[in-house]
Amino acid sequence: MDTRESKTPEEELQHLKEVRQPEDFEHPEPDEGQPEARQSPQGLHWILLIAALLAGAILLFTLVWP
């Protein structure tokens with residue numbers, strides 16, 4: 001990560017060129033070819049379901065139990 005305060009005019013111009021270029025869908029970034037980059041988080045919905053059930057059980061326990 002670049003932590004310098006300011007950029008030289010050449011660096012600023014290069015940065016503006018990179019930002020203004022449209023995204024190239026025919027030639028994706030190198031990490032798009034990696035299997036873990038294309039893989040959807042399959043276990044995430046189970047974690048969310050368990051967390052919701054646990055939160056519901058805690059809420060029910062605190063409201064019903066005097």
Leu53 reachable from Trp46 in the ILVMFWY side-chain graph, under 4.5 Å edges = yes
Supply the atom-to-atom distance Leu16 CG to Glu11 CD, rounded to the nearest 0.5 angstrom.
-> 12.0 Å
Roughly how far apart are Leu63 CG and Ile58 CD1, rounded to 0.5 Å?
-> 12.0 Å
